[in-house]
Asker: 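Below you'll find the structure I mean.
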Amino acid sequence: MPPEPPPLVGRRVVLGVCGSIAAYKAAELCRRLVDAGAHVAPVMTDDATRFLGAVTLSALGSEAVRTSLWDEAEPAPHIHLAAGADIVVVAPATARLLGAYAAGIADDLLTATLLATRAPVMVCPAMHTEMWEHPATADNVALLRRRGAHVVEPGVGSLAGGDVGVGRMAEPGDIVAEIVRFLGAAGERHLAGVRVLVTAGGTREPLDAVRFLANRSSGKQGHALAAEAAARGAEVILVTTAGLPVAPGVEPVKVDTAAEMEREVLGRSGEADVVIMAAGVADFRPKAPAPAKLKKAEGVPEIVLEPTPDILAALGRSRHRRPQQVLVGFAAETVGGAGLREEAARKLADKNLDLVVANDVSAPGAGFGHDTNEVLLVGADGSEQTVGLTDKREVAASVLDAVVDLLRKRNS
Ligand code: C5P
């Protein structure tokens, strides 16, 4: 048998390096990426060149290091770098870089490249513990994750100046493995040309002109699903009630009530190859919302509720019109184990679905509002898969892996 080709052959990596003591590890990372077959275009910030000689990275990379937006021989280098990349990796990523990228500030070649690219972005933070744990950094990292960036968490170890703590950049070998896994998954499990409709967030059902009935769904899981689908090349429409950031390549449609969501979803579902109903749609709404604000002086109002339309059930009932479509529902329950499994199976059958993503929202770290989730995937074919407590983006990746399998079976 011929030997396996190196795992990153044909892959173009833009390797961004910032001014951190961990910049020395970028040299090792660059060498390992080239050994793995990647074409590496290194970009250094000015501060990075204080820690690591540009000559070193130029010698190790596939192209000479770039450090400036203002090279007369190559106008707009960020556009060319951004368009040609299969992935942009920033290692080390400093607190400044994370802040600038989160804020959309493109004042040097690396940040301009990050804003210009449609390729997946991986950041590998490195900084002192205090800086990593500062709420500003934590918020920037959370925002970048929600927009679809892949964050390789720093580990615990010795930091600059002899300190020890969390903030040490991940090891080059681990970063390469992560890139291989990421690009490999994106390559094999891609969704290019697939039209995906995702819903997200809890609906708000008016009681009067100023009040509404709502639920605890934050929209984070739905937005993560949309980001992951777009990163895999799908055409994504996200019907959402949440004011969360939307990943590049995702078309947002903002709604508020179950009725608005029903209109947008049913109006667009005919075009979709995959529908993922991650939204927390209200089951009941006030039957006759008051057109003006209800006054306290008028006494406690009697509120009569009526059922909302079940959007997913409607899609399930009419699926004979779209036999190839993959239909995914969510089941947010307050039971785990066998109870959760039973609920998932019931929903699968009742709503005529292909896949149910069930979670026990009362479990620690899972469900509403958290950045993490723990789910049970139950397929109409009887398959089951548990995804242990992890980032909602990782949960999204597992759900889309299952969707890819269903699409393949359907089209084979
Ligand atoms: O029946 P239940 O509300 O538990 O089902 C949850 C699933 O059904 C979710 O995927 C949710 O988005 C969807 N749903 C819907 N329309 C409703 C209620 C729930 O599409 N009115």
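Every number for a ligand or one of its atoms is a count from 1 in the order of the listing.
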Asker: Taking only residues two or more places apart in sequence or in another chain, which ones pass side chain to side chain contact (heavy atoms under 4.5 Å, CB included) with R66?
Answerer: A41, E63, E74, P77, H80, L81, L109

Asker: Dump the pairs for me: ligand 1 N or O, protein N or O, distance under 3.5 Å, to 0.1 Å.
Answerer:
from	atom 1	to	atom 2	distance (Å)
ligand 1	1 (O)	K351	NZ	2.9
ligand 1	3 (O)	D283	OD1	3.3
ligand 1	4 (O)	K347	NZ	2.5
ligand 1	5 (O)	K351	NZ	2.9
ligand 1	8 (O)	K351	NZ	3.0
ligand 1	10 (O)	M277	O	2.7
ligand 1	10 (O)	F330	N	2.8
ligand 1	10 (O)	F330	O	3.4
ligand 1	12 (O)	M277	O	3.3
ligand 1	12 (O)	A279	O	2.8
ligand 1	16 (N)	D310	OD1	3.4
ligand 1	16 (N)	I311	N	3.1
ligand 1	20 (O)	I311	N	3.4
ligand 1	20 (O)	L312	N	2.9
ligand 1	21 (N)	T308	OG1	3.3
ligand 1	21 (N)	P309	O	2.8

Asker: Which residues pass the side-chain hydrogen bond (donor to acceptor under 3.5 Å, both in side chains) test with R410, not counting sequence neighbours?
Answerer: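 Testing R410 for side-chain hydrogen bond (donor to acceptor under 3.5 Å, both in side chains), a comparison that skips the adjacent residues, returns D354.
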
Asker: Just checking, any donor-acceptor pair under 3.5 angstrom between side chains of D108 and T111?
Answerer: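 Checked: D108/T111 side chains pair up, N/O donor to acceptor below 3.5 Å.
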
Asker: Would K295 and D208 count as a salt bridge (Lys or Arg N to Asp or Glu O under 4.0 Å) here? Give the steps.
Answerer: CA-CA 10 Å; K295 294 285 181 210; D208 65 11; over 6 Å; no

Asker: Kindly write out the residues that satisfy salt bridge (Lys or Arg N to Asp or Glu O under 4.0 Å) with D71, not counting sequence neighbours, or none if the list is empty.
Answerer: none

Asker: So, do L207 and I303 sit near enough that their side-chain heavy atoms are less than 4.5 Å apart?
Answerer: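 Yes, their side chains come closer than 4.5 Å.
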
